[in-house]
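Notes follow once the structure below has been shown.
Quick note on labels: first sequence line is chain A, next is B, and so on, each numbered from 1.
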Number of protein chains: 2
Amino acid sequence: MQAPLYDPSLDDFFDMIKTFITLSPESKLAMAGILEKRELPKGHHLVHAGAVCRHVYFIEKGLTRTYYVKDGKDVTDWISTEKTVATSIVSFITGMPDIRSIELLEPTVLWAIGHDDLQKLYNESHEIERFGRLLVSYGLVQMQQRFDDLHFATARERYRKLITQHPDIVQRVPLGMVASYLGITQETLSRIRADFTI
Amino acid sequence: MQAPLYDPSLDDFFDMIKTFITLSPESKLAMAGILEKRELPKGHHLVHAGAVCRHVYFIEKGLTRTYYVKDGKDVTDWISTEKTVATSIVSFITGMPDIRSIELLEPTVLWAIGHDDLQKLYNESHEIERFGRLLVSYGLVQMQQRFDDLHFATARERYRKLITQHPDIVQRVPLGMVASYLGITQETLSRIRADFTI
DNA sequence: CGTTAGTTTGAGAGGACTCAAAGTCTGTGG
DNA sequence: CCACAGACTTTGAGTCCTCTCAAACTAACG
C-alpha cells in the first residue's frame, strides 16, 4: 500500500482540465507542487482594482465575479462558476495593473496557481507549456463567444441566451450584476424578466 | 559567403512576432519550413463561411476583414492590418466550421501557417509551443480590450476610440464595415462622423 | 423587527434603429 | 476624356428600445 503522491482532491482539478488536456503522471506531480487549495468566504476579494493579478484560479465550488467601475458604475465583466477559471486575464498575461477586481459571490473552494510558479514549470516542461497554450486557447474561444453575444444582440436576446446556457447564473447572481454582465441596466433586465415569466 | 538558410523576407515575420518572442535560429528554420508567403488580390477570400479555418495569417502588407451574416446583415467581427494576425480563431482552435469569412479589403501580402504543420512543430519543439502560447495570449489581450470597448460605451465613445487608436482603419475601410465593427449602423456612424468634423 | 441590499415599477428623455431617398465618389468602357 | 453604373455615403422622418431619475416594494440578515 503506497501513499498517494499528491492530495487526492487534486483529481478534481485534473478532471476540470481534461476537456483540453490529460497530463502525464510527471506533469501532474509538477502541477501538484504549485497548486494551492483555498477555501474562502463570500465577499473575499481575489484581486483588487489597480493591482497586478498574479494568479489563475480554478473554481472547484462557488462563484466569482470579475468587475470594474466605469463612470462611477459597477460593470460585471465575467462570472466564473464551478469547473471554470477566474483571473484578471490581461493583467495576468501582461503583468500590468488592471482596473478589474475579482470577488467571491459565495463561499468558494478553489485552486490557485501563482504566475511565477507557472512560468517556472513552463520552462521545465514542454507538456505544461502546452497546458498553458490550451488553457489560453480555451479562454479565447469563450471570450469570442461572449463577444459575439454582445456584438449585435438586443437586451432580450442576450438574456434569453443566458438563461438557456447558464440558468444557474441567473439564480445565484444578483440581478444588477447580471444586468451589467449583459451590458444593460438593472431596470431594463427587471422589465425583460417580467415579460418572460408571463 | 554563405547562402541564407531561409528567405530573407521572412525576417519581416520574425520582426512581427518579436513583441512577444524572439526565436532561436533552429526555431526560425523550423518555422521557415512551414511559412508560406502569398500575394493575393483585393476581394480574395481567405476563409469561407461554413468552412473550417485551417490557417493563421500574418499580414505583412494589406488589410483583411473577418465578418459574418447575422439576421441578413453583414457584421464585421475583426479587422487586421499590417503586422497583425488574421484567422477565424474559434474555428482554428476547435477545428469546427464557423460562420465567419475573411476577405481582403486591399491587395495583400501575408504569411500563412497551416494548422497541421503548426501542430507538428508544437510536438517537435518546446520553443514553438511557447510561441503558440504567447500568440494566443496576445490575441486574448486584444480581444479583451475590444470587448471592453463594446461593453458599456456609446456609439460616440467607440468611434472616438477607434479614430485615436486606429486612424488608418477609418481611412481604409468602407464606413458600413466600420460601423458594424463598432456595433452600430452605418447611418448612425455617418451622423456621428458629421458631428466630429464640424 | 429594523436596516440594508436588492428588485420592481413609473414617467419622461434621448440615442440608435428602420425605411426611404437623395447625393457623391470611382472606375470602366465608349 | 467623358459618361454612366455601381458602390458608398449622407440626410430625413418617424419609431422604439433602453436609459435616467425617482420612488415604492421585498427579501434577507443580524
Side-chain angles (χ1 to χ4, degrees), chain A residues 41-45 63 65 67 69-76 79 101 103-107 149-163 167-198, chain B residues 41-45 63 65 67 69-76 79 101 103-107 149-163 167-198:
Chain A
K42 174 176 175 173
H44 178 86
H45 272 72
L63 191 58
R65 177 176 86 106
Y67 68 97
V69 176
K70 173 174 172 157
D71 302 333
K73 284 173 193 162
D74 180 305
V75 176
T76 300
I79 293 168
S101 306
E103 66 171 352
L104 306 182
L105 297 183
E106 296 178 0
D149 290 345
L150 215 60
H151 198 178
F152 262 107
T154 62
R156 228 174 208 78
E157 289 175 317
R158 291 176 205 172
Y159 179 65
R160 181 180 291 278
K161 193 150 193 172
L162 184 66
I163 53 174
D168 56 318
I169 286 183
V170 184
Q171 304 302 320
R172 296 162 74 186
V173 179
L175 176 130
M177 296 176 182
V178 174
S180 71
Y181 177 77
L182 296 174
I184 59 181
T185 60
Q186 161 168 266
E187 294 92 329
T188 298
L189 181 53
S190 176
R191 284 183 247 263
I192 287 171
R193 179 200 263 180
D195 286 358
F196 267 68
T197 49
I198 285 168
Chain B
K42 176 176 175 174
H44 178 86
H45 271 72
L63 191 57
R65 177 176 86 106
Y67 69 97
V69 176
K70 172 172 174 160
D71 303 335
K73 285 174 193 161
D74 179 306
V75 176
T76 299
I79 293 168
S101 306
E103 65 171 354
L104 306 183
L105 298 184
E106 296 178 0
D149 291 344
L150 214 61
H151 197 177
F152 261 107
T154 62
R156 230 173 206 77
E157 290 174 318
R158 290 176 207 171
Y159 180 65
R160 181 180 291 280
K161 194 152 194 171
L162 184 67
I163 53 174
D168 56 317
I169 286 182
V170 183
Q171 304 303 320
R172 296 161 74 185
V173 179
L175 175 130
M177 296 175 183
V178 174
S180 71
Y181 177 78
L182 296 175
I184 60 180
T185 60
Q186 159 168 267
E187 295 92 332
T188 298
L189 181 54
S190 176
R191 285 184 247 262
I192 287 171
R193 179 200 265 182
D195 286 359
F196 267 68
T197 50
I198 284 169

Approximate separation, where rounding is to 0.5 Å, of [X] [atom1] and [Y] [atom2]:
| X | Y | atom1 | atom2 | answer |
| --- | --- | --- | --- | --- |
| His44(B) | Glu106(B) | NE2 | CD | 15.5 Å |
| Leu150(A) | Leu182(A) | CG | CG | 8.0 Å |
| Asp71(A) | Phe152(B) | CG | CZ | 10.5 Å |
| Ile79(B) | Leu162(B) | CD1 | CG | 7.0 Å |

Rounded interatomic separation in angstrom, taking [atom1] from [X] and [atom2] from [N]:
| X | N | atom1 | atom2 | value |
| --- | --- | --- | --- | --- |
| Arg156(A) | dC19(D) | CZ | P | 12 Å |
| Lys70(B) | dC17(C) | NZ | P | 13 Å |
| Tyr159(B) | dA16(C) | OH | P | 14 Å |
| Asp71(B) | dC17(C) | CG | C1' | 14 Å |
| Arg65(A) | dG6(C) | CZ | C1' | 13 Å |
| Phe152(B) | dA16(C) | CZ | P | 14 Å |
| Ile192(A) | dT9(C) | CD1 | P | 14 Å |
| Glu157(B) | dC19(D) | CD | P | 13 Å |

Once base and sugar-phosphate atoms are separated, protein heavy atoms under 4.0 Å mark nucleotides 5-12 of chain D, 5' to 3', with B, S and - as ----BBBB
Any [X] side-chain heavy atom under 4.5 Å of [Y] side chain:
| X | Y | answer |
| --- | --- | --- |
| Leu63(A) | Asp168(A) | no |
| Arg193(B) | Leu175(B) | yes |
| Arg160(A) | Arg156(A) | no |

Note down the inter-axis angle between the two ends of the helix from dC1(C)-dG30(D) to dG30(C)-dC1(D), five pairs each, to the nearest 10°.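 What I find for the helix from dC1(C)-dG30(D) to dG30(C)-dC1(D) is an axis angle of 40°.
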Under 4.0 Å between a side-chain N or O of Lys42(A) and OP1 or OP2 of dA28(D)?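 Checking dA28(D) against Lys42(A), no side-chain N or O comes under 4.0 Å of OP1 or OP2.
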dA16(C) phosphate, OP1 or OP2: any side-chain N/O from Thr185(B) under 4.0 angstrom?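 No, Thr185(B) has no side-chain N/O under 4.0 Å of OP1/OP2 on dA16(C).
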Return the set of residues passing side chain to side chain contact (heavy atoms under 4.5 Å, CB included) with Glu103(B) (not counting sequence neighbours), or none when no residue passes.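 Residues passing side chain to side chain contact (heavy atoms under 4.5 Å, CB included) with Glu103(B): His45(B), Arg65(B), Tyr67(B), Leu105(B), Met177(B).
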Which pair of heavy atoms, one from Arg158(A) and one from Asp149(A), lies closest together, and at what distance?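 Smallest interatomic distance, heavy atoms only, reads CG-O, 3.8 Å.
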